[in-house]
2 protein chains.
Amino acid sequence: MADLVYQKIITSLKKSIDDGEYSDMRLPDERSLAESYSVSRSSIKRALGLMADQGIIFKKRGSGTFVNPLYLKQGSSFSYSGKNLGITDSFNANGQKPGVKVLKFDVVHPDKDLQDNLFLKPSEFVYSFERLRFLDDVPFMIETGYIPIKLAPELSEQIASESIFNYVESELGKEVNKTYLTISAQPSDEEGKKLLNLSANEPVGLMEGIFFLDDGTPFEFSTMKLHYKYFKYDSFVDLGNK
Amino acid sequence: MADLVYQKIITSLKKSIDDGEYSDMRLPDERSLAESYSVSRSSIKRALGLMADQGIIFKKRGSGTFVNPLYLKQGSSFSYSGKNLGITDSFNANGQKPGVKVLKFDVVHPDKDLQDNLFLKPSEFVYSFERLRFLDDVPFMIETGYIPIKLAPELSEQIASESIFNYVESELGKEVNKTYLTISAQPSDEEGKKLLNLSANEPVGLMEGIFFLDDGTPFEFSTMKLHYKYFKYDSFVDLGNK
DNA sequence: TTCATAAATTGGAGCGGCCCAATTTTATAC
DNA sequence: GTATAAAATTGGGCCGCTCCAATTTATGAA
């Protein structure tokens with residue numbers, strides 16, 4: 001992917017771990033690694049630091065660096081920590097065919113909440129749309145999105161039926177790659193029962209998120225209601241002080 | 001809390017942001033900051049990097065560093081990104097009084113799943129316990145936990161009625177500060193209806209987690225069923241390549 | 001052998017420098 | 001004026017070094 005030193009080291013170390021080279025669960029010390037890779041200790045530290053953030057390894061001062069045993073036991077869903085987003089690409093991996101149906105596509109004024117979240121004046125307009133998403137033709141998610149028209153003037157129902165983020169990236173040269181997510185759950189409402197084929201006692205998972213452009217501009221406010229069986233979010237959390 | 005340079009810089013910068021010193025949403029460049037704080041640019045980079053990870057600021061190469069506008073708008077729950085854990089302390093902040101009732105406390109053999117997750121042999125024993133947690137005397141969470149006896153030989157129902165992690169830290173000198181969480185939702189089962197006063201259509205939020213000691217040893221496998229109204233998880237996600 | 005102490009190991013923090021890439025600003029030419 | 005090119009700005013990556021703190025290992029006295 002990249003020719004960055006620390007990236008290559010991460011890739012290499014992962015491979016070594018997968019290959020079972022560190023059967024005692026212990027990695028060489030940073031100074032040795034620096035020498036054997038012929039890079040500075042700083043780069044090793046960066047690589048190991050990122051891997052620790054991802055939960056692949058544990059570092060302990062004075063003691064050493066260790067492989068997270070669960071990283072080996074595959075099936076423990078280690079591949080997508082913090083990544084189950086409502087984005088087309090995120091769902092491809094499973095080999096299922098994604099589909100989108102646009103239920104609504106309008107232009108409206110933002111209400112107070114939306115003004116706050118997207119930093120808009122009451123007079124500004126936003127696109128308001130609702131999409132139903134499928135996996136292998138089974139509906140699993142209702143998505144309600146709001147995007148300021150000034151940020152994507154040419155947005156259309158046609159684009160919404162494909163991938164908005166891809167459009168933004170390829171046509172507008174902007175990138176959406178950060179999001180602030182709030183995750184919760186609710187009993188299914190009428191819409192959920194109807195569109196997601198839920199019965200009364202079956203809930204929906206809620207992912208409310210604000211998506212940002214790379215310069216920090218809030219780009220979209222999105223509420224995703226997921227069929228509870230498709231609702232799963234993984235994350236590795238460091239409770240450390242830092 | 002700490003006398004670390006980058007920590008103090010973070011604290012200081014946060015204060016400056018809160019005080020509205022950067023009304024144009026733009027922070028000084030790294031080199032200037034380094035000079036005005038009389039520290040190296042490396043330390044500034046570290047501080048800004050961490051703040052970016054937390055979603056407080058956005059960095060853009062060639063352009064500058066900007067405040068996340070949502071960080072200002074308080075109420076947008078920015079204080080606890082990635083932290084709504086089932087730990088005593090996490091719930092204190094809201095000013096509500098936490099309570100615990102131990103429903104079960106046994107020693108059993110781990111089943112296959114548990115053996116995998118905690119890396120145990122079938123012959124080894126684990127503590128098995130179930131706790132009901134309260135906030136202001138209202139039950140909101142059912143917690144089912146498993147801890148290998150070899151990791152906490154002296155564990156008791158008494159300890160479980162208080163804080164297990166505090167005990168581990170103060171008495172065993174170990175620290176539990178990392179966890180791998182899987183978040184999902186389910187219709188409420190009989191237990192949930194009874195203990196959490198849920199009606200048939202009201203769901204529970206599920207947080208399944210493996211808690212680790214600082215050296216990477218899996219310490220506890222825990223399943224937390226939360227009353228859906230108390231179920232909320234916030235996180236700031238960077239979809240970047242990295 | 002046991003146990004306290006000293007030494008070596010190992011990751012953490014910080015410095016200050018170098019060059020580069022993306023972006024913005026300024027200068028220049030038409 | 002406007003478009004183009006050059007220069008300055010700004011964050012990214014990497015190096016290599018110093019010192020420190022936590023831990024482990026080796027040492028040596030009782």
Side-chain angles (χ1 to χ4, degrees), chain A residues 1-10 13 22 24-53 56-67 169 173-175 177-178 213-217 238 240-242, chain B residues 1-11 13 22 24-53 56-67 169 172-175 177-178 213-217 238 240-242:
Chain A
M1 164 171 270
D3 52 351
L4 300 181
V5 170
Y6 67 86
Q7 273 293 3
K8 285 195 288 195
I9 290 173
I10 290 178
L13 286 177
Y22 310 120
D24 54 351
M25 292 290 115
R26 187 205 186 101
L27 271 66
D29 71 273
E30 296 182 348
R31 290 162 179 89
S32 311
L33 284 172
E35 196 176 3
S36 60
Y37 277 104
S38 299
V39 299
S40 71
R41 192 181 156 208
S42 320
S43 295
I44 297 292
K45 283 185 92 62
R46 182 181 316 211
L48 294 180
L50 287 170
M51 290 173 74
D53 287 342
I56 299 174
I57 58 174
F58 290 84
K59 300 194 283 185
K60 184 121 192 258
R61 154 146 51 161
S63 170
T65 303
F66 307 89
V67 179
E169 194 168 339
K174 299 169 181 174
E175 204 185 349
N177 58 8
K178 299 208 171 58
L213 299 178
D214 49 13
D215 64 350
T217 309
D238 187 342
N241 11 279
K242 279 195 185 168
Chain B
M1 163 175 272
D3 52 350
L4 301 181
V5 170
Y6 67 85
Q7 273 294 1
K8 285 195 287 193
I9 291 173
I10 290 178
T11 306
L13 285 178
Y22 310 120
D24 54 351
M25 293 290 114
R26 187 204 184 103
L27 270 67
D29 71 274
E30 297 181 348
R31 289 161 178 90
S32 311
L33 284 173
E35 197 176 1
S36 58
Y37 278 104
S38 298
V39 299
S40 72
R41 191 181 156 208
S42 322
S43 297
I44 297 293
K45 282 180 94 62
R46 183 182 309 213
L48 294 180
L50 287 170
M51 291 173 73
D53 287 342
I56 299 174
I57 57 175
F58 291 83
K59 299 195 283 186
K60 186 127 192 253
R61 153 146 52 161
S63 171
T65 303
F66 307 88
V67 179
E169 194 169 336
L172 304 182
K174 299 169 180 173
E175 204 184 350
N177 59 7
K178 298 209 172 59
L213 298 178
D214 48 14
D215 65 350
T217 310
D238 188 342
N241 10 280
K242 281 193 185 171

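Treat the numbers as computed from the prediction; the structure is a model and nothing was measured. Numbers restart at 1 for each chain; the letters A, B, ... are given by sequence-line order, proteins then strands.
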Residues two or more places apart in sequence or in another chain: which of them pass side-chain hydrogen bond (donor to acceptor under 3.5 Å, both in side chains) with [X]?
X	result
Tyr22(B)	none
Thr217(A)	Asp215(A)
Ser32(A)	Asp29(A)

Could you state the [atom1]-[atom2] distance from [X] to [N], rounded to the nearest angstrom?
X	N	atom1	atom2	answer
Glu35(A)	dT9(C)	CD	P	14 Å
Tyr37(A)	dG16(D)	OH	P	17 Å
Asp53(B)	dG12(D)	CG	P	11 Å
Ile10(A)	dG13(D)	CD1	C1'	13 Å

Would you say Met51(B) and Ile10(B) make side-chain contact, with heavy atoms under 4.5 Å? yes

Are any of the side-chain heavy atoms of Ile9(A) and Val39(A) separated by less than 4.5 Å? yes

Per-pair distances, 0.1 Å, donor-acceptor, side chain in residues 42-50 of chain B, under 3.5 Å, sequence neighbours excluded:
residue	atom	partner	partner atom	Å
Lys45(B)	NZ	Glu30(B)	OE1	3.2

Whether Ser36(B) side chain and Leu33(B) backbone form a donor-acceptor pair below 3.5 Å: yes

Set out, in order, the CA-CA distance, both residues' side-chain angles and the distance that settles side-chain contact (heavy atoms from CB on, under 4.5 Å) for Phe58(A) and Leu27(A), then state yes or no. CA-CA 10 Å; Phe58(A) 290 84; Leu27(A) 271 66; over 6 Å; no

With sugar-phosphate taken as primed atoms, P, OP1 and OP2 and all else as base, the protein-contact string of nucleotides 11-18 of chain C at under 4.0 Å (heavy atoms; B, S, -) is BBSSBB--

Which pairs, protein N/O on one side and nucleotides 4-6 of chain D N/O on the other, fall under 3.5 Å?
none

